[in-house]
Amino acid sequence: MLPRLYNTRTRKKEEFRPLDPSNVRMYVCGPTVYDYAHIGNARPVIVFDLLYRLLRHLYEPEHVRYVRNITDVDDKINARACELYPDLPLNEAIRKLTVETTAQFHRDVAALGCLPPTDEPRATEYIEQMRAMIETLVEKGFAYVGEEHVLFHVAAMPDYGQLARRSLDEMRAGARIEVAPYKRDPMDFVLWKPSKEGEPSWPSPSGIASPGRPGWHLECSAMAGALLGDVFDIHGGGIDLVFPHHENEVAQSRCAHGTELMANVWMHNGHLQVEGEKMSKSEGNFVTINELLKDWGGYGWPGDAIRFNMLHTHYRQPTDWTYDSLDNAHKTLWDWYGHLADVEPSRKLPDAFIEPLLDDLNTPGAIAELHKMAQERRYADLLASLQFLGLTGRRDRLGRLQNGEAQARTLASDAEIRALIEARIAARTEKNWAEADRIRDELVAMGVVIKDAKNPKTGEIETSWEIAR
RNA sequence: GGCGACGUGGCGGAAUGGUUACGCAGCGGCCUGCAAAGCCGUCUAUCCCGGUUCGAUUCCGGGCGUCGCCUCCA
């Protein structure tokens, strides 16, 4: 069965056929490394990681190439570097910021169970290719120089706006941007711009004397072209990137390479809200991945729970990130994982689980199958399926850290818990219910929940315990 | 203002021109000294108004609402 993917370019779900099944190529826009990645940034990383896993499953791992860039040249980076390291020379501050932020990003997404992409190019390593692309565009008449900038001339491309389905006239009418005097058309966008003294800069293309740096959209065109070729299979990112970022990427790449397409399939994930509100620093509901892992809503959450909660909603739907749904996701995994300790995963994934995923990554449908497997106690299938989704299946990896007082008390008293449980068993044997209940209350106050179960063989009561969830 | 997405039970969230997904919560039961856990069972839904149709939640039109993009943005 062929996978079907929703293609933003055609606004339809289509059967996916790679250009070359022995070299399936996907490009996803990665982070701009100037601050901690937030939970909204995590969505495309997780979604396209799952797609990567699905493609590897279908075409064999060695036949899939997944490129996700690191944007390390950007005005936001410059601003943040000045703010954080005012005493360092700007370029040194920028290097420090981008290196540290990249490392943090890697730790965060690894905790969320994401595989590293096959290639992770940094924009600053591809300046040469960007410059060459600009030269080509100028030579072919798609770009021009004005006041030391190089601009892409949208009117030179007859079907500019095709991806976002916007006509130039509409966009010109609705444009809210200030039109720079060196632009021939308000919608023309920057390929290269001059750098101020002290800012990162490289020798400029197209006969511009002073040094400069690339514009906002060029890096992806250059890196995708260099690593995946002129035309490749899948290009992904957040829905907000459709315009202008991806539209402009398409324009640059197609005009430079003289191709009808840049990528066959364009995929975009929906946006995420937090507790019903748009995430913003001013609202105080800005949630970083790191914060979730360390302390959010009183707990440090395991990566599995974060990932599972994310996959609970279809990737194109808008989603609301809430404490309740995360808690729910955690609880579900906790229940399942309790059955999987000594289970060997199945060799083959159940068809009923894979089929929804082949239908435009219908993760809620696949998760419904997981519930069915758990209900039918098909634990080998359940574990294999969970692992396919990038989840560990291991309860010892699912501990939810409690923060503050409760955590301190619980962690300090491991041996004490055992002693109290023994004392309670003794009290129960004597039918001293008051004492037994008192001990149980004491354990609850420590954040420990006990469970009695009858051993089916001996009939003995056995008590287990866990940290309260 | 322009373009677009979406609106399913208390909550999350699939599917579908006709036969009440699924999970959580709730409720009932079994078990239990009590509780928790476990097991079994179970109630509640398709934003509004028209149209097409034997029949629409599903298709079409209108309305209302939510959200996004048009400016850096996942």
Side-chain angles (χ1 to χ4, degrees), chain A residues 6 8 11 28-32 34-35 37-48 68 71 74-77 79 161 164-167 169-178 187 189 216-217 236-247 268-273 276-280 308-309 311-322 324-332 335-336 338-339 356 359 362-372 374-375 427-428 431-434 436-437 440-441 443-444 448-454 456 461-466 468:
Chain A
Y6 182 85
T8 305
R11 310 284 152 120
V28 174
C29 292
T32 301
Y34 70 105
D35 204 350
H38 57 69
I39 186 62
N41 299 119
R43 194 172 191 192
V45 178
I46 291 172
V47 163
F48 291 105
R68 188 183 62 209
T71 298
D74 183 276
D75 290 346
K76 289 193 294 292
I77 293 174
R165 305 228 164 156
R166 296 168 195 228
S167 78
D169 288 342
E170 275 168 14
M171 288 189 281
R172 286 180 188 124
R176 302 196 304 220
I177 45 174
E178 204 176 317
M187 299 314 294
F189 59 90
W216 312 299
H217 313 296
I239 185 98
D240 54 312
L241 294 182
V242 175
F243 192 89
H245 185 59
H246 288 168
E247 190 70 57
H268 296 95
N269 62 273
H271 263 205
L272 173 150
Q273 293 185 293
E277 302 282 339
K278 178 169 177 165
M279 189 162 38
S280 70
F308 187 62
N309 189 221
L311 295 176
H312 219 273
T313 307
H314 182 85
Y315 76 93
R316 281 191 283 123
Q317 290 287 116
T319 189
D320 192 11
W321 188 266
T322 65
D324 284 349
S325 62
L326 179 57
D327 188 40
N328 202 325
H330 180 256
K331 180 169 156 38
T332 302
D335 289 343
W336 288 346
H339 298 288
D359 182 15
N362 179 4
T363 50
I367 288 170
E369 279 305 314
L370 300 182
H371 284 290
K372 203 169 286 175
Q375 208 164 37
R428 295 189 61 201
K431 297 197 191 297
N432 184 351
W433 309 127
D437 290 351
R440 187 175 61 209
D441 290 345
L443 285 163
V444 167
V448 173
V449 172
I450 53 175
K451 292 188 246 183
D452 296 333
K454 197 178 264 182
I461 298 292
E462 292 171 355
T463 299
S464 61
W465 63 278
E466 62 190 41

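Naming convention: chains lettered A, B, ... in sequence-line order (proteins, then strands); numbering from 1 in each chain.
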Going by atom types only, do Asn41(A) and His38(A) share a side-chain donor-acceptor pair under 3.5 Å?
-> yes

NA contact type, [X], heavy-atom cut-off 4.0 Å: base, sugar-phosphate, or nothing?
X         : value
Ile367(A) : nothing
Gly237(A) : sugar-phosphate
His314(A) : sugar-phosphate
Thr313(A) : sugar-phosphate

Please report, rounded to the nearest Å, how far the [atom2] atom of [N] is from the [atom1] atom of [X].
X         : N       : atom1 : atom2 : answer
Asn269(A) : rC69(B) : CG    : C1'   : 14 Å
Asp327(A) : rC24(B) : CG    : C1'   : 10 Å
Asp359(A) : rA14(B) : CG    : P     : 12 Å
Lys451(A) : rG38(B) : NZ    : P     : 6 Å
Ile239(A) : rG4(B)  : CD1   : C1'   : 8 Å
Asn328(A) : rG13(B) : CG    : C1'   : 11 Å
Arg428(A) : rC34(B) : CZ    : P     : 10 Å
Asp324(A) : rG13(B) : CG    : C1'   : 15 Å

Donor/acceptor link under 3.5 angstrom from Asp437(A) side chain onto base of rG33(B) =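 Looking at the base of rG33(B), it does pair with a donor or acceptor on the side chain of Asp437(A) (distance under 3.5 Å).
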
Under-3.5 Å donor-acceptor pair between Arg440(A) side chain and rC34(B) base |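 Check passes, donor-acceptor contact within cut-off.
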
If we only count heavy atoms from C-beta on, is the Trp321(A) to Leu326(A) side-chain gap below 4.5 Å?
->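 With C-beta onward as the side chain, the pair touches.
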
Rounding to the closest angstrom, what is the interatomic distance between [N] and [M] at atom [atom1]?
N       : M       : atom1 : value
rU19(B) : rA37(B) : C1'   : 37 Å
rC60(B) : rU42(B) : C1'   : 39 Å
rU20(B) : rU57(B) : P     : 15 Å
rC11(B) : rU44(B) : P     : 16 Å
rG33(B) : rG26(B) : P     : 24 Å
rC67(B) : rG62(B) : P     : 22 Å
rG50(B) : rA56(B) : C1'   : 13 Å
rC30(B) : rA45(B) : P     : 28 Å

Could you check which of [options] has an atom nearest any side-chain atom of [X]?
X         : options                   : result
His312(A) : rA74(B), rG13(B), rC67(B) : rG13(B)
Gln317(A) : rA74(B), rG33(B), rC6(B)  : rC6(B)
Met279(A) : rA74(B), rC34(B), rC69(B) : rA74(B)
Pro44(A)  : rA74(B), rC22(B), rA37(B) : rA74(B)
Thr332(A) : rA36(B), rA14(B), rG23(B) : rG23(B)
Ala436(A) : rA21(B), rG33(B), rC72(B) : rG33(B)
Pro364(A) : rC70(B), rG38(B), rA14(B) : rA14(B)

May I ask you to verify if any side-chain N or O of [X] is less than 4.0 angstrom from the OP1 or OP2 atom of [N]?
X         : N       : value
Asn362(A) : rG13(B) : no
Ser325(A) : rG12(B) : no
Gln375(A) : rC39(B) : no
Lys331(A) : rA25(B) : yes
Asn41(A)  : rA74(B) : yes

Identify the two heavy atoms, one from [X] and one from [Y], that lie closest to each other, and give their separation to 0.1 Å.
X         : Y         : answer
Pro364(A) : His312(A) : CG-O, 3.3 Å
Gly161(A) : Glu247(A) : N-OE2, 2.8 Å
Arg43(A)  : His314(A) : NH2-O, 3.0 Å
Asn309(A) : Ser325(A) : ND2-O, 3.2 Å

Given that both distances must come in under 3.5 Å, which nucleotide forms a Watson-Crick or G-U wobble pair with [N]?
N       : result
rU19(B) : none
rU44(B) : none
rC34(B) : none
rG68(B) : rC3(B)

Ring geometry between His268(A) and His246(A) (parallel below 30°, tilted from 30 to 60°, perpendicular above 60°) | tilted

Which word best sums up how the rings of Phe308(A) and Trp336(A) line up, parallel for under 30°, tilted for 30 to 60°, or perpendicular for over 60°?
-> perpendicular

Would His271(A) count as stacked on rA74(B) if the rule is ring centres under 5.5 Å and plane angle under 30°?
-> yes

First encountered from the 5' end of RNA chain B, between Lys76(A) and Ala434(A) =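 Closer to the 5' end of RNA chain B: Ala434(A).
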
Please figure out whether Gly270(A) or Arg316(A) has its closest RNA chain B nucleotide nearer the 5' end.
-> Arg316(A)

For Phe48(A), is the NZ or CZ atom of Arg68(A) found under 6.0 angstrom from the centre of its six-membered ring and inside 45 degrees of the ring axis?
-> no

